[in-house]
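Since the structure comes first, as structure tokens, the remarks are kept for the end.
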Amino acid sequence: MSLSDDRAGRLILSLRRQGVTDARVLKAMESIDRSLFVHEKFLDQAWEDQALPIDCAQTISQPYIVGLMTQALEVGPRHRVLEIGTGSGYQCAVLSRLARFVYSVERYKSLLTEAETKLKLLGVDNVFTRHGDGGQGWLEQAPFDRIMVTAASPHEPTELLKQLKPGGVLVAPVGRGSVQMLNRYTGQDDGSFRRESLCEVRFVPLVEGLAKEG
Ligand code: SAH
């Protein structure tokens with residue numbers, strides 16, 4: 001067994017201990033080499049359970065949070081999933097192993113291009129990406145079975161909830177401060193949503209509009 005296999009195994013065990021017990025989710029996470037998505041200078045920390053800086057002052061999420069959010073989303077193999085905030089592409093790669101199609105939106109063109117390259121390297125062929133303002137969702141591809149927001153929404157994600165299929169699930173960090181509440185919204189038969197607060201999280205904010213670069 002190689003060193004990275006060993007590290008992956010240890011991380012997966014630690015996620016399981018922390019309550020990420022969905023076997024499909026754990027298998028997907030074990031199968032995606034996180035070191036591909038982290039900055040070169042953090043390579044030795046790729047399999048640690050911590051968030052790490054990526055370009056454009058953004059972050060690749062902590063594996064435990066990726067596991068927790070993916071598990072909470074209850075993704076099925078026939079689902080079309082929308083992810084807001086492609087970032088490094090890691091969460092997107094994990095979702096691609098669980099869903100039929102993943103649609104991912106990012107406001108930084110350079111992050112998106114880099115993430116696309118990595119997804120291609122992994123041979124992922126069921127992901128569609130878009131350079132855009134994810135706060136507006138992806139109207140042309142809506143409705144979605146599942147939606148995951150990986151940046152903190154300052155308010156209830158009402159626009160995105162409109163792009164969810166009846167009975168669908170949306171998971172998003174919601175709040176204006178440095179600590180937000182991770183919420184899960186489940187569509188009800190009468191068109192309303194049931195909201196559950198799962199835990200406190202720390203995400204970079206969801207920012208309106210495209211990012212200016214260079
Ligand atoms: N899912 C990512 C986590 C990225 S951090 C991963 O696995 O690495 C959050 C990302 O959301 C950042 O890349 C940030 O640029 C992006 N983001 C913030 N506001 C956005 C918006 N309105 N539309 C699209 N992306 C946004």
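Counting convention: from 1, in listed order, for ligands and their atoms alike. Index from 1, following the sequence.
Salt-bridge annotation for K162 and E159: present, with a side-chain N of the basic residue lying under 4.0 Å from a carboxylate O of the acidic one. By the 4.0 Å N-to-carboxylate-O rule, E114 lies close enough to K118 to be salt-bridged with it. Salt bridge present: K165 and D145 bring a charged side-chain N and a carboxylate O closer than 4.0 Å. A salt bridge does not link E106 to R130: none of the charged nitrogens lies less than 4.0 Å from a carboxylate oxygen.
In this comparison of L111, V207, I65, the heavy atom closest to atom 19 (N) of ligand 1 sits on V207. The heavy atom nearest to atom 3 (C) of ligand 1, considering only I60, V66, V105, T59, is found in T59. Nearest residue to atom 13 (O) of ligand 1 from M148, R107, E106, E208 is E106 (criterion: closest heavy atom).
Ranking protein heavy atoms by distance to atom 14 (C) of ligand 1, first place goes to Q58 OE1, 3.3 Å. The protein atom (non-hydrogen) at minimum distance from atom 18 (C) of ligand 1 is P205 O, 3.6 Å. Among protein heavy atoms, atom 11 (O) of ligand 1 sits closest to G85 CA, 3.2 Å. Atom 7 (O) of ligand 1 has its closest protein heavy atom at Q91 N, 3.1 Å. Among all non-hydrogen protein atoms, the one lying nearest atom 6 (C) of ligand 1 is S88 OG, 3.5 Å. From the protein, the heavy atom lying nearest to atom 23 (N) of ligand 1 is G134 N, 2.7 Å. Among all protein heavy atoms, the one lying closest to atom 9 (C) of ligand 1 is T150 O, 3.3 Å.
Using 4.0 Å as the threshold, T86 has a heavy atom nearer than that to some atom of ligand 1. Within the 4.0 Å heavy-atom shell around ligand 1 one finds G132. The closest approach between Q136 and ligand 1 stays at or above 4.0 Å for every heavy atom of the residue. G209 does not count as a contact of ligand 1, since none of its heavy atoms falls under 4.0 Å from the ligand.
Annotation for ligand 1: atoms under 4.0 Å from non-hydrogen atoms of L206 are 18 (C), 19 (N), 20 (C), 21 (C), 22 (N). Which parts of ligand 1 touch Y108 is read off a 4.0 Å heavy-atom cut-off, strictly below it: atoms 15 (O). The V204 neighbourhood of ligand 1 comprises atoms 5 (S), 9 (C), with distances under 4.0 Å to a heavy atom of that residue. If you number the atoms of ligand 1 from 1 as listed, the ones under 4.0 Å from a heavy atom of E83 come out as 1 (N). Residue Y90 approaches ligand 1 through these ligand atoms, each under 4.0 Å from one of its heavy atoms: 7 (O). Set against the non-hydrogen atoms of A151, the atoms of ligand 1 under 4.0 Å away are 11 (O), 18 (C).
Exactly one of Y103, W138, F128 qualifies for a ring pair (Phe, Tyr, Trp, His ring centres under 6.0 Å) with F144. That residue is Y103. The side-chain hydrogen bond (donor to acceptor under 3.5 Å, both in side chains) test with S14 singles out one residue from Q18, R17, R16, R10, and that residue is Q18.
Note: an N/O pair closer than 3.5 Å links D133 and ligand 1 by distance alone.
Taking every heavy atom of both residues into account, L210 and G132 meet most closely at CD2-CA, 3.4 Å.
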Which donor-acceptor pairs under 3.5 Å do the side chains of residues 63-77 make with protein atoms, sequence neighbours left out?
| unit_1 | atom_1 | unit_2 | atom_2 | d |
| --- | --- | --- | --- | --- |
| T70 | OG1 | V66 | O | 2.5 |
| T70 | OG1 | Q91 | NE2 | 3.0 |
| Q71 | OE1 | T21 | N | 2.9 |
| Q71 | OE1 | D22 | N | 2.9 |
| Q71 | NE2 | G19 | O | 3.1 |

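In this structure, H79 contributes its side chain and F101 its backbone to no donor-acceptor pair below 3.5 Å. Side chain of R80 to main chain of Q141: a donor-acceptor pair is present (N/O by atom type, distance under 3.5 Å, no hydrogens or angles).
With a 4.0 Å heavy-atom cut-off, ligand 1 is reached by no atom of I54.
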Stepwise side-chain contact (heavy atoms from CB on, under 4.5 Å) test for T186 and F193:
CA-CA 5 Å; T186 309; F193 294 95; over 6 Å; no
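By the side-chain contact (heavy atoms from CB on, under 4.5 Å) test, A172 is found to be paired with V149, P157, L170, V174, residues two or more places apart in sequence or in another chain being considered.
A cation-pi geometry, defined here as NZ or CZ lying under 6.0 Å from the six-membered ring centre and within 45° of its normal, holds between R34 and Y90.
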